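Structure first, commentary second.
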Amino acid sequence: MRKKATLQFADKTVDLPIYSGTLGPDVIDVRELVSQGVFTFDPGFVSTASCESGITYIDGGKGILLYRGYPIEQLAEKSDFLEVCYLLLRGELPNAQQKKEFNDRVTNHTLVHEQMIHFFSGFRRDAHPMAVMVGVVGALSAFYHDSLDVNNETHRELAAFRLISKIPTIAAMCYKYSIGQPFIYPQNDMSYAENFLHMMFSVPCENTRPNPLLAKAMDKIFILHADHEQNASTSTVRLAGSSGANPFACIAAGIAALWGPAHGGANEAVLNMLGEIGDVSNIETFIKRAKDKDDPFRLMGFGHRVYKNFDPRANVMRDTCHEVLEELGKHDDPLFKLAIELERIALEDDYFIERKLYPNVDFYSGIILKAIGIPENMFTVIFALARTVGWIAHWSEMHSSPEMRISRPRQLYTGATKRDFVDVNKR
Ligand code: SDX
């Protein structure tokens, strides 16, 4: 017996099918409602499942995050970012041969077309790196014409590899351009995270390699940020992709959506907030501001649309933060101490407890990145770098669905009713 919901309104009774997934809440299929002359209404999509997906599962009440069924804690501890990329894109962990082939293919696409260098010189040196990322990633579609046909699976796969491979190169170029240093080419004998730190911090006049512990921490940060179900930027990528837009344009749209401080821009905002708080003695004042409805200030790095328990990524991030600060001899880092105290005070405050506001992935990531030597304005760039694989996995999943169609929400119209034009000399 198929499950159904019965909706009664006006003089109508409508039976709506209910579907169950492998995990998580059931969904009520409301697609028939438009033929009954009504729409659902859900600004912010709080209660709306926009699609069917098998990539990532979140249980916000229990603080659970699974990539293709594997708990994020296990992947962060035992896997590496490129293996997680394989898992997200293909649905299974690779065997040794598959892993090597995948890694070799990523390595072969890390260079960008040499002419792309000219795009950077059009930006001011003090441009926010996210502005440069949006522009340069979107411009990839001006070069790679042999991976633009979204209806061709070979094109889609080639675009996925190009994006995963080139996004660290472009991200590092954004940083180098902002500090006036020469771009550093990727090295094929380095791991993904090691190569990124190399392109970020090496200079042509020295032959150095990144600190292996920092490379491991960077790799873990990439894993923790790789995907997160239908968040704002992933939904943006899906919406852009539903029109048939090319993959590079869709990822540029995702980067734009991620930039906001309510989303991926929060890690940069956390560091700015900790800098503004300055000292443990000021914490109470800022907690008060965060609770004041007349004050737009919010405690950045706290709260989440889905997690009403600890963000499991924040727990892993906090441990990694300890490791990195110990390794760098910065265990007395005042920012980290301030963050720990802010977290303790907030978690004992009724306002945060009642609203189930816990630290999210962004609360500790910025402290690690700053300790590694990455400037605040690059934090969201690194989030975008890691999330590119998640965006591409969802974009590919959408294109592989026979049910794919253009996404086109409706509205509750509250504007002027029909009226006739009035000539300007009669107004
Ligand atoms: C990410 O979606 C994802 O999965 C995103 C992400 C991913 O991996 O893709 O997890 C990454 O974006 C993490 C979130 C990073 N953003 C921040 O840290 C910014 C600070 N957080 C808030 O802006 C907020 O918590 C959101 C945006 C994250 C969630 O907003 P919601 O779900 O719309 O929640 P809400 O605004 O309705 O808040 C519910 C209540 C409100 O109070 P009341 O009106 O009920 O009295 O909680 C309050 C809010 O005022 N509240 C906060 C708060 N977050 C929510 N009050 C103070 N400080 C905060 N941080």
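We're numbering straight along the sequence, starting at 1. Only a predicted model underlies this, so the values are computations on that prediction, with no experimental measurement involved.
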| task | I would like to know whether Lys308 and Asp59 meet salt bridge (charged side-chain N to carboxylate O under 4.0 Å, His left out); could you show each step before the answer? | result | CA-CA 9 Å; Lys308 301 308 172 189; Asp59 182 326; over 6 Å; no

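- Pairs of residues two or more places apart, or lying in two chains, that qualify as salt bridge (charged side-chain N to carboxylate O under 4.0 Å, His left out) and include a residue from residues 217-240 are Arg238-Glu397.
- Checked by atom type, the side-chain pair Asp104/Thr107 shows no donor-acceptor distance below 3.5 Å.
- By the side-chain contact (heavy atoms from CB on, under 4.5 Å) test, Ala290 is found to be paired with Phe297, Leu299, Phe352, residues two or more places apart in sequence or in another chain being considered.
- Checked against side-chain contact (heavy atoms from CB on, under 4.5 Å), Thr48 has the following partners two or more places apart in sequence or in another chain: Asp42, Phe45.
- Among residues two or more places apart in sequence or in another chain, the ring pair (Phe, Tyr, Trp, His ring centres under 6.0 Å) test is passed with Phe120 by Phe183.
- Residues satisfying the ring pair (Phe, Tyr, Trp, His ring centres under 6.0 Å) test with His399, not counting sequence neighbours, are Trp395.
- Contacts of Phe379 classified as ring pair (Phe, Tyr, Trp, His ring centres under 6.0 Å), with partners at least two apart in sequence or in another chain: none.
- For Ser165 (side chain) and Val106 (main-chain N/O), a donor-acceptor pair under 3.5 Å exists by modelled atom type.
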| task | Starting from the C-alpha separation in whole Å, work towards a yes-or-no answer on side-chain contact (heavy atoms from CB on, under 4.5 Å) for Ile167 and Val389. | result | CA-CA 10 Å; Ile167 202 80; Val389 63; over 6 Å; no

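- Every residue two or more places apart in sequence or in another chain was checked for a side-chain hydrogen bond (donor to acceptor under 3.5 Å, both in side chains) with Asp362, and none qualifies.
- The ring-ring contact (aromatic ring centres under 6.0 Å, His included) pairs that include a residue from residues 83-103 are Tyr86-Phe102, Phe102-Phe161, where partners are two or more places apart or lie in different chains.
- Sorted by first and then second residue, the side chain to side chain donor-acceptor pair (under 3.5 Å) pairs with a member in residues 188-214 read Asp189-Arg209, Glu194-Arg209, His198-Ser202, Asn211-Glu327; sequence neighbours excluded.
- Within the structure, every pair that satisfies the salt bridge (charged side-chain N to carboxylate O under 4.0 Å, His left out) test and touches residues 132-152, not counting sequence neighbours, is listed here: Asp146-Arg162.
- For Arg305, the salt bridge (Lys or Arg N to Asp or Glu O under 4.0 Å) test picks out no residue, with sequence neighbours left out.
- In this pair, Phe119 and Phe143 present their aromatic rings perpendicular. The plane angle is above 60°, beyond the 30 to 60° band.
- His228 meets the ring pair (Phe, Tyr, Trp, His ring centres under 6.0 Å) test with His304, Tyr307; sequence neighbours excluded.
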